[in-house]
> 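Got a structure for you, questions after.
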Amino acid sequence: MSTRFLAVGECMVEMAPTADGTFKMGFAGDTLNTAWYARKCLPRSWDVSYVTAVGKDQVSAQMLRFLEGSGLETDRIQQMDDRTVGLYLIQLKEGERSFAYWRSQAAARCLASDPAQLEASLAEAGLIYFSGITLAILPPDDRAAFLEALRVARANGAKVAFDPNLRPRLWEDADTMRASVTEAAGVCDFVMPSFEDELAHFSDETPDVSADRYLAAGAAMVVVKNGSEDVICATQGKREKFQPQPVTQIVDTTAAGDSFNAAFLAEYLVTGNIAASVDAGANLAGRVIQQRGALVEALVPA
Ligand code: ADP
């Protein structure tokens, strides 16, 4: 099996407020979080690449340097002449965070626009990871091309993992979101939803219903996360439930699911042991949510 982990999606510029009223620039995104933690969790014999599109301007170059500085390979990132990266601003009002986005023209929306280039960027993968946000930002024709490229990669030996990460605001409408996510599940070895999202947008009564729905859509394995409640790992023939370690002091739940996915997949790719993989995922996520921010440097071995 190829020892190359590819995460596909959008990394954005984040402007976060500081105590003195200015904004601090960073880089963020759900699939980036997973790539970042996967790099920390996987052995050195694995390459971890981020696959996206950026511009050729200064801020895009800064993003590439950030990714490289995190140990991620950037050679599969397209650089476009006439676009740049998306941006969001975090605003605080009475302690509550709200987000303003500038991403409709982001280069990442074009990551699947050239089928030959896309196929090349997914070539020789051991595992390809993407999310519902990856799908949501693509034009509809490119979504179909992306799923086709995943089928080709899979036929060539890659495993495919997907977190539906349901964000209706990013989609043209909720029915399209549900249909696209269901279709995507059909090309996946691992579908890794969070029950809270599935309850809100598919009206699933229980996490078992979510697992059954994605198995029926064609997923080989479904891993349903549910905050402090049991993680369900289901295949057509088998279903197991695992209680995550309790966490007493939750500070910031950003990237709980993203970090879980990274540690779960890293363990599974190396050992194939489901119980150990859930343990690794829950352990990392449990530590991430006891710290502020998405990318917590001190938690994982370098
Ligand atoms: P997301 O942030 O994507 O909504 P979840 O809330 O489902 O993800 O959490 C992902 C994982 O993080 C859970 O499976 C669990 O391992 C861990 N986790 C999240 N919240 C808690 C909590 N309150 N106590 C213990 N573990 C938690």
Side-chain angles (χ1 to χ4, degrees), residues 7 9-10 12 14 28-38 40-41 90 97 99 129-136 161-171 177 181 184-185 188 190-211 213-214 219 221-234 239-268 273-296 299-300:
E10 181 177 18
M12 302 179 77
E14 176 191 89
D30 64 335
T31 47
L32 166 72
N33 297 341
T34 301
W36 194 90
Y37 282 110
K40 306 275 182 191
C41 294
I90 304 173
R97 280 151 51 107
F99 297 84
Y129 178 85
F130 70 107
S131 79
I133 295 176
T134 312
L135 291 179
F162 170 51
D163 185 336
N165 226 334
L166 304 168
R167 299 288 176 272
R169 242 177 24 152
L170 293 177
W171 291 85
M177 173 181 77
V181 161
C188 290
F190 307 91
V191 176
M192 311 185 76
S194 283
F195 178 62
E196 195 181 9
D197 286 354
E198 307 302 312
L199 171 67
H201 304 299
F202 278 95
S203 305
D204 292 342
E205 282 173 3
T206 64
D208 279 305
V209 173
S210 306
R213 185 169 46 73
Y214 285 120
M221 184 190 291
V222 184
V223 180
V224 188
K225 297 155 283 170
N226 188 16
S228 62
E229 304 291 311
D230 282 358
V231 175
I232 297 179
C233 295
R239 179 161 312 206
E240 294 177 276
K241 300 190 180 184
F242 303 91
Q243 171 77 58
Q245 301 94 318
V247 172
T248 43
Q249 239 203 333
I250 297 171
V251 175
D252 176 4
T253 58
T254 307
D258 304 333
S259 58
F260 178 99
N261 295 347
F264 177 97
L265 291 168
E267 180 69 27
Y268 194 84
N273 181 319
I274 292 185
S277 303
V278 174
D279 207 47
N283 187 284
L284 178 60
R287 289 183 295 142
V288 167
I289 64 181
Q290 294 183 70
Q291 308 279 333
R292 196 159 293 287
L295 306 179
V296 183
L299 293 183
V300 271

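One-based numbering, in listed order, for ligands and for the atoms of each. The figures here come from the full heavy-atom set of this structure, side chains too, leaving out hydrogens, waters and symmetry mates.
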> For the residue pair Phe242 and Asp230, establish whether any side-chain heavy-atom pair is separated by less than 4.5 Å.
no
> Can you list the atoms of ligand 1 that are under 4.0 Å from a heavy atom of Ile250?
22 (C), 23 (N)
> Return the option from Ile289, Val247, Asn165, Asp30 holding the heavy atom at the smallest distance from atom 21 (C) of ligand 1.
Ile289
> Considering only heavy atoms of Val231, which atoms of ligand 1 have at least one such atom less than 4.0 Å away?
14 (O)
> Just by distance, no angles: are the side chains of Asp30 and Ser131 close enough, under 3.5 Å, to form a donor-acceptor pair?
yes
> For atom 17 (C) of ligand 1, grab the closest protein heavy atom and report residue, atom and distance to one decimal in Å.
Ala285 CB, 3.8 Å
> Within the structure provided, determine whether Asn165 and Asp197 are in side-chain contact (heavy-atom separation under 4.5 Å).
yes
> For Ser194 and ligand 1, does the shortest N/O to N/O distance drop below 3.5 Å?
yes
> How far is atom 24 (N) of ligand 1 from its nearest protein heavy atom, and which residue and atom is that?
Ser228 CB, 3.4 Å
> Taking 4.0 Å as the limit for heavy-atom contacts, which would you say applies to Ala282 with ligand 1: side chain only, backbone only, both, or neither?
both
> Check whether any N or O atom of Gly227, backbone or side chain, sits under 3.5 Å from an N or O atom of ligand 1, and answer yes or no.
yes
> So, Asp252 and Thr254: side-chain donor and acceptor under 3.5 Å apart, yes or no?
yes
> Lys225 versus Asp163: any side-chain heavy-atom pair under 4.5 Å?
yes
> Are any of the side-chain heavy atoms of Leu284 and Lys40 separated by less than 4.5 Å?
no
> Compute the minimum heavy-atom distance from Gln245 to ligand 1 and say whether it is under 4.0 Å.
yes
> I want to check something: taking the side chain as every heavy atom from C-beta on, are Cys233 and Phe264 in contact at a cut-off of under 4.5 Å?
yes
